[in-house]
Structure formats: C-alpha cells, structure tokens
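Below: the structure, in structure tokens.
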Amino acid sequence: MYSTYQQYQKRGGKLPEEQYLVNAQKACELIDYYTMGRAASASKMQDQLSACECDLVDRMKSAETASAGIQSENNDGYSVTFFNRTERKAELLDLLKRHLTFPENLLALSGWAFV
C-alpha cells in the first residue's frame, strides 16, 4: 500500500481503520493496474501515490453501493438515482490523472495519461 491510516486521516478521511485497510488494498491494486506496476518503483512519486490512494479509499467506500448501481436514495418521496458506468470511470481516471502524471507520468504507458 502507498499510504498509512494516519496519512488518510490527515487528508480528511473518516473511515475506521479496519475499513480503511480493506479499501486501501483495493485502491493500491487499482493504482497498480492503471500504472501497469510502475507505481511500486516510482520513488519520486511517493507523496502523489499516497494522496491518490487516500482519495481512492473514499471512492472505494462509495463503490460498495455503486456495485448495486445506486448513486443516491431519497426515502421520503422514494427516489433512486443510479450510477452511469461511463461517468464513474471518467471520474476515476480524472482522479488518477490528477495525482499520477507529475513529476513523473505513471499513466503514460497504460494509454490513460491524457485521454
């Protein structure tokens, strides 16, 4: 993993440590997937990788409800809004690009750097 629970809390994370650890592992795997494994050896990018993972941890939490396709619910008037997969992927890629393209572009080989 690229971050610690303390770093996550400093960035405003509110999840309990157990939940953070589960989601951080998923975030780490996602980062490794999109960087084609280059993140693990990018010594200049440790701060960016940590920030990216911390931001992704909260996204992983919202992805739990997204697996059912539900974005939001309103109980009073019974309203349900569903996620659009294309929008979710675009948001994810935007987050990765924001963190992982400077000072070293870890997304360049994957083809996602400037899409």
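Because the structure is predicted, anything quoted here is derived from the model rather than measured.
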Could you see if [X] belongs to whatever hydrophobic cluster contains [Y]? Use Ile, Leu, Val, Met, Phe, Trp, Tyr and a side-chain cutoff under 4.5 Å.
X: Tyr33; Y: Leu56; value: yes
X: Leu21; Y: Tyr5; value: yes
X: Tyr20; Y: Val22; value: no

In this structure, CE of Met1 is separated from CD of Glu29 (nearest 0.5 Å) by 10.5 Å
Enter the distance from Leu95:CG to Arg59:CZ here, rounded to the nearest 0.5 Å.
5.0 Å
Check step by step if side-chain contact (heavy atoms from CB on, under 4.5 Å) holds for Tyr34 and Leu92.
CA-CA 11 Å; Tyr34 277 99; Leu92 174 70; 4.1 Å; yes
Determine whether a donor-acceptor pair (N or O, by modelled atom type, separation under 3.5 Å) exists between the side chain of Tyr8 and the backbone of Ser50.
no
If we ignore hydrogens and angles and just use 3.5 Å, is the side chain of Gln19 paired with the main-chain N or O of Pro16 as donor and acceptor?
no
Ignoring hydrogens, what is the shortest heavy-atom contact between [X] and [Y]? Give both atom names and the distance.
X: Glu53; Y: Ala24; result: OE2-O, 3.5 Å
X: Met45; Y: Glu104; result: CE-O, 3.3 Å
X: Ile31; Y: Cys52; result: CD1-SG, 4.0 Å
X: Leu49; Y: Ala42; result: CD1-O, 4.3 Å
X: Pro103; Y: Lys44; result: CG-O, 4.3 Å
X: Ala27; Y: Val57; result: CB-N, 4.4 Å

Kindly write out the residues that satisfy side-chain hydrogen bond (donor to acceptor under 3.5 Å, both in side chains) with Arg98, not counting sequence neighbours, or none if the list is empty.
none
Within-4.5 Å side-chain heavy-atom neighbours: Leu106 and Leu96:
no
